[in-house]
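By convention in this document, chain letters (A, B, ...) are assigned in the order of the sequence lines, proteins followed by strands, and residues within each chain are numbered from 1.
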Number of protein chains: 2
Amino acid sequence: MAKGARTRAAILKAAVETASLGGFAGLNLQPLADRVGMTKSGLYAHFGSKEALQLATLEHATELFEATVVAPAKTEAAGLPRLAVIYERWLAWPANAGLPGQCPFFAAVAEFDDADGPVRERLARLFRDFQGVIEQLAASAVRHGHLPPDTDVAQFAHEVLAMRYAHHWSAGFMRDPAALGRARRGFLRLAGRLGNQRP
Amino acid sequence: MAKGARTRAAILKAAVETASLGGFAGLNLQPLADRVGMTKSGLYAHFGSKEALQLATLEHATELFEATVVAPAKTEAAGLPRLAVIYERWLAWPANAGLPGQCPFFAAVAEFDDADGPVRERLARLFRDFQGVIEQLAASAVRHGHLPPDTDVAQFAHEVLAMRYAHHWSAGFMRDPAALGRARRGFLRLAGRLGNQRP
DNA sequence: GCTACTTTAGCACGGTCGTTCGTGATTTTA
DNA sequence: TAAAATCACGAACGACCGTGCTAAAGTAGC
């Protein structure tokens with residue numbers, strides 16, 4: 001591995017960690033350069049623009065996410081079991097990926113919902129793709145008889161994401177110790193594993 | 001009404017609108033002063049610090065929220081009907097309050113989840129209080145027999161907020177036209193008005 | 001060990017940020 | 001109408017931002 005690629009990897013590692021802690025807004029060049037132990041301009045030369053750095057950071061975070069959340073579930077039984085594992089791993093993936101803070105994707109969403117541009121587009125596509133993955137898993141669960149045949153898989157996926165988003169808000173901003181339990185309970189209710197009762 | 005109070009009100013009106021459009025991060029003094037038609041320093045003199053401006057903006061937004069979402073539901077029948085009206089008004093309250101963008105509270109949450117301070121505290125308290133309101137409404141709905149007696153009202157309130165948060169994300173960032181329908185459907189399922197079936 | 005190339009440091013730029021201060025204009029009060 | 005209190009402006013500050021440029025340091029191939 002060439003020297004340049006090595007420092008680039010170190011930069012991206014620090015960038016994802018920083019984004020996990022302070023969002024993409026905290027992804028400024030000077031503090032990031034300090035973290036890696038080099039100068040602002042030296043770091044800048046690797047990307048050419050701040051936008052390119054953000055995109056590369058997003059890409060690196062995606063690889064981490066795939067490896068931490070999606071890949072380990074491949075061996076799980078298709079249908080609801082696999083979906084449940086992905087959901088559970090999704091809840092705790094920042095810690096499992098060695099990140100010091102919260103999910104960098106959620107942090108990024110909040111900061112780019114108005115500012116149009118390549119970063120926003122990439123981010124939206126990532127979320128759309130993952131929502132599609134959950135829809136397919138739900139459809140598979142229906143085929144396996146884990147969910148009722150009249151399940152609206154799009155609505156189901158939406159509500160699974162809602163539970164995850166609420167967990168991010170509840171654990172992150174609200175700092176509610178009950179957040180994890182609420183997130184699990186919500187999913188179980190969605191999956192019909194609470195005797196089909198209301199919360 | 002004195003002159004100072006009038007311009008202060010004008011500033012806060014513009015501030016909430018700006019926060020609705022670009023979040024609290026877009027609440028910079030220069031653009032805000034331009035919007036109101038005065039100088040940065042002239043505007044600044046009304047608050048003394050940016051933090052005080054943010055707190056005042058939060059306060060003003062809270063008054064708007066109370067008047068737009070909570071107050072009109074007072075006349076509704078207690079229990080689930082009142083809760084349903086509040087939820088429905090909550091979904092569309094930025095437009096009903098004359099705001100050009102999205103819910104300023106959700107926008108603020110994302111930007112203050114790491115930065116500790118008075119603004120963060122105030123915001124968290126606002127959310128906690130409103131979650132408490134929803135819990136009480138749910139408890140009332142239980143007493144009226146609108147919800148089953150074994151309902152976990154805290155979990156119920158959490159999931160109602162989850163549906164609202166997901167709507168913010170789905171309509172705002174994802175720009176999904178189906179967002180409103182999803183949010184309504186999710187609430188109906190929570191309230192048990194979909195024949196108790198899963199989505 | 002010398003050369004060709006890549007990688008990093010150093011410095012400066014234009015711009016925006018929140019904040020301060022003194023002064024003039026404008027209201028409000030007497 | 002005169003005096004007093006309030007309000008808004010304009011200029012400037014130090015700090016940080018992203019972005020270029022040039023020169024030095026470091027690395028790799030022969």
S.K.: Output the rounded distance in Å from NZ (B/Lys50) to P (C/dT16).
M.R.: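 The distance from NZ of B/Lys50 to P of C/dT16 comes to 15 Å, rounded to the nearest Å.
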S.K.: Under 4.0 Å between a side-chain nitrogen and a carboxylate oxygen: does that hold for A/Glu88 and A/Arg184?
M.R.: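 So A/Glu88 pairs with A/Arg184 through a salt bridge.
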S.K.: For DNA chain C, whose closest nucleotide is more 5', that of A/Ala45 or that of B/Ala2?
M.R.: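 The residue mapped nearer the 5' terminus is A/Ala45.
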S.K.: Using only heavy-atom distances, decide whether a donor-acceptor pair under 3.5 angstrom links the side-chain of A/Lys3 to the base of D/dG26.
M.R.: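 Checked by distance alone, the answer is no.
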S.K.: To the nearest Å, how far apart are B/Arg8 CZ and C/dT27 P?
M.R.: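 To the nearest whole Å, that distance equals 20 Å.
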S.K.: Using only modelled atom types and a 3.5 angstrom limit, is any donor from either the side chain of A/Thr39 or the base of C/dG10 paired with an acceptor on the other?
M.R.: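 There is none.
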S.K.: Write down the distance between CG (A/Leu43) and C1' (D/dC17), rounded to a whole number of angstrom.
M.R.: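 Rounded to whole Å, this separation is 14 Å.
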S.K.: Quick check, are the ring centers of A/Phe105 and A/Phe130 under 6.0 angstrom apart?
M.R.: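 That pair fails the under 6.0 Å test.
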S.K.: When you measure from the side-chain N and O atoms of A/Ser41 to the phosphate of D/dC21, is any distance below 4.0 Å, counting only OP1 and OP2?
M.R.: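 No, no such contact exists.
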S.K.: Would you kindly give the CD1-to-P distance between B/Ile11 and D/dA8, to the nearest whole Å?
M.R.: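 It is 7 Å, rounded to the nearest whole Å.
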S.K.: Does a salt bridge link B/Glu121 with B/Arg125, judged by any charged N lying under 4.0 Å from a carboxylate O?
M.R.: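 B/Arg125 and B/Glu121: not salt-bridged.
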S.K.: Separation of B/Leu29 atom CG from D/dA12 atom P, in whole Å?
M.R.: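 Spelled out: CG on B/Leu29 to P on D/dA12 is 20 Å.
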S.K.: Considering just the side-chain nitrogens and oxygens of B/Thr7, establish if one lies under 4.0 Å of OP1 or OP2 belonging to D/dA8.
M.R.: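 B/Thr7 to D/dA8 OP1/OP2: side-chain N or O found under 4.0 Å.
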S.K.: Quick test of your reading of the model: are A/Arg122 and A/Glu59 salt-bridged, counting only N-O distances below 4.0 Å?
M.R.: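 Between A/Glu59 and A/Arg122 there is a salt bridge, with a charged N closer than 4.0 Å to a carboxylate O.
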S.K.: Cation over ring, A/Arg120 on B/Phe173, under 6.0 Å and within 45°?
M.R.: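 Because its charged atom sits under 6.0 Å from the ring centre and within 45° of the axis, A/Arg120 does stack over B/Phe173.
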S.K.: Mapping B/Glu51 and A/Lys40 to their closest nucleotides on DNA chain C, which lands nearer the 5' end?
M.R.: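 The residue mapped nearer the 5' terminus is A/Lys40.
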S.K.: Take the protein atom CZ of B/Arg6 and the nucleotide atom C1' of C/dT27, then report the distance between them rounded to whole Å.
M.R.: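 Distance, rounded to whole Å: 10 Å.
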S.K.: Rounded off to whole Å, could you give me the OH-to-P distance for the A/Tyr44 and C/dT8 pair?
M.R.: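 Taking atom P of C/dT8 as the reference, OH of A/Tyr44 is at 16 Å.
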S.K.: OP1 or OP2 of C/dT8 sitting under 4.0 Å from any side-chain N/O of A/His46?
M.R.: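 Checking A/His46 against C/dT8: at least one side-chain N or O falls below 4.0 Å of OP1 or OP2.
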S.K.: Could you tell me how far apart A/Asn28 (CG) and C/dC17 (C1') are, to the nearest whole angstrom?
M.R.: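 Computing the A/Asn28:CG to C/dC17:C1' distance gives 12 Å.
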